[in-house]
Number of protein chains: 2
Amino acid sequence: MGLPVRKSKVAPPPTCPLSEVLGLLRGAWAPNVIWQLSGEARRFGELRHDMPKISARVLSARLRELESRGLVTRRVLNTSPPSAEYALTPLGRELLPAIDALANVGRKLIEEWEASQREVA
Amino acid sequence: MGLPVRKSKVAPPPTCPLSEVLGLLRGAWAPNVIWQLSGEARRFGELRHDMPKISARVLSARLRELESRGLVTRRVLNTSPPSAEYALTPLGRELLPAIDALANVGRKLIEEWEASQREVA
DNA sequence: CTGTATCCATGATGATACTG
DNA sequence: CAGTATCATCATGGATACAG
């Protein structure tokens, strides 16, 4: 017999709300899309312009997904040529601080890593 | 960002430190692994036990990845049979609040969504 | 027990071409 | 301009078998 399995004292079962959000952020581009919308509403083409590497197909998919979750609104403008504006809903904006928190850890991660590289060097 | 090679040839570069963290959380299980380690150090088998659906292959991969980023430590115990304990580093712990923030938004997201469903019904 | 190697299924993404 | 359809590609996860 090996060691007994210690019961985890960590209360929260592995999943649920976290996965809900992560499911949204998992897409390689979703976080950036949200980020791009943190300011004012932006048109489809503007988003493409701001994220040159994203394909229309994926951008469209992300926007639809975020829209269906109520994080983003889509407003078709009566212009010529027609255009569409996307914006974060209040609910969507609630993601921003959390994303920000992640980004901060990311910066720290990079700093730490670079520091460790200098030590080695 | 000068971090270790991100091998992904497909998911090209979203930008900023955010991606760095999201790269870590992207894996379907990474957040749960981190979550499971939020308490005390846990052994490989314990982690498997706590996340019944994860395969050894993936768990191993996630742990290696987190370890290489300096978020998790691996300690081999001199027992018989041999065992290994994993724990969050201080840097790794800094992810917890951010993950928590995400989870909170997740809960809200679920609530809002369910509410909207009731309205429709 | 703690992993790692292999094979296979699935999903996400980019590129391109095309429609409204 | 906005958005979709199709195709090929690559990454990721599961299952199983196996090694230290």
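None of the values given here were measured: they were computed from a predicted structure. Note: hydrogens, waters and symmetry copies are ignored here, and every other heavy atom, side chains too, is used. Just so we're on the same page: letters track the sequence lines, and every chain starts at 1.
No side-chain donor-acceptor contact under 3.5 Å links A:T73 to the backbone of A:T89. Counting only distance, with no hydrogens or angles, the side chain of A:E46 and the backbone of A:R43 share a donor-acceptor pair below 3.5 Å. Under a 3.5 Å cut-off, the side chain of B:S60 and the backbone N or O of B:R57 do not form any donor-acceptor pair.
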Only pairs under 3.5 Å count here: list side-chain donor-acceptor contacts from residues 96-109 of chain A, not counting sequence neighbours, and write none if there are none.
residue: A:N104; atom: OD1; partner: A:R107; partner atom: NH1; Å: 2.4
residue: A:N104; atom: ND2; partner: A:D100; partner atom: O; Å: 3.4

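Scanning all heavy atoms of the two residues, the minimum distance from A:R93 to A:L88 falls at CG-CB, 3.9 Å. A:V72 and A:Y86 get closest at one heavy-atom pair: CG1-CD2, 4.0 Å. Between A:R48 and A:A56, the shortest heavy-atom distance links the atoms NH1-CB, 3.4 Å.
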For nucleotides 15-20 of chain C, list the nitrogen or oxygen atoms of the protein found under 3.5 Å from its nitrogen or oxygen atoms, one pair per line.
none

Point to revise | salt bridge (Lys or Arg N to Asp or Glu O under 4.0 Å) between A:E85 and A:R75, worked out | key: CA-CA 5 Å; A:E85 260 191 5; A:R75 189 165 65 106; 2.9 Å; yes
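OP1 or OP2 of C:dA12 has not a single side-chain nitrogen or oxygen of A:W29 nearer than 4.0 Å.
Using a 4.0 Å cutoff on non-hydrogen atoms, the parts of residues 58-66 of chain A near DNA chain C are A:V58, A:R62, ordered by number.
We find that CD1 of A:I54 is positioned 13 Å from P of D:dG3, with the value rounded to whole Å. Note: CD (B:E67) to C1' (C:dG3) measures 13 Å, nearest angstrom. Rounded to a whole Å, the CG atom of A:L47 is 10 Å from the P atom of D:dG3. Distance, B:R74 CZ to C:dC1 P: 16 Å, rounded to whole Å. Whole-Å rounding puts the B:N32 CG to D:dG13 P distance at 12 Å.
Shown here are the side chain to side chain donor-acceptor pair (under 3.5 Å) partners of A:R69, two or more places apart in sequence or in another chain: A:E20. Judged as a side chain to side chain contact (heavy atoms under 4.5 Å, CB included), and not counting sequence neighbours, the contacts of A:T79 are A:L77, A:S83.
Side chains of A:L59 and A:M51 form a contact here, defined as non-hydrogen atoms less than 4.5 Å apart.
Axis angle across the helix from C:dC1-D:dG20 to C:dG20-D:dC1, with five pairs used at each end and values rounded to 10°: 40°.
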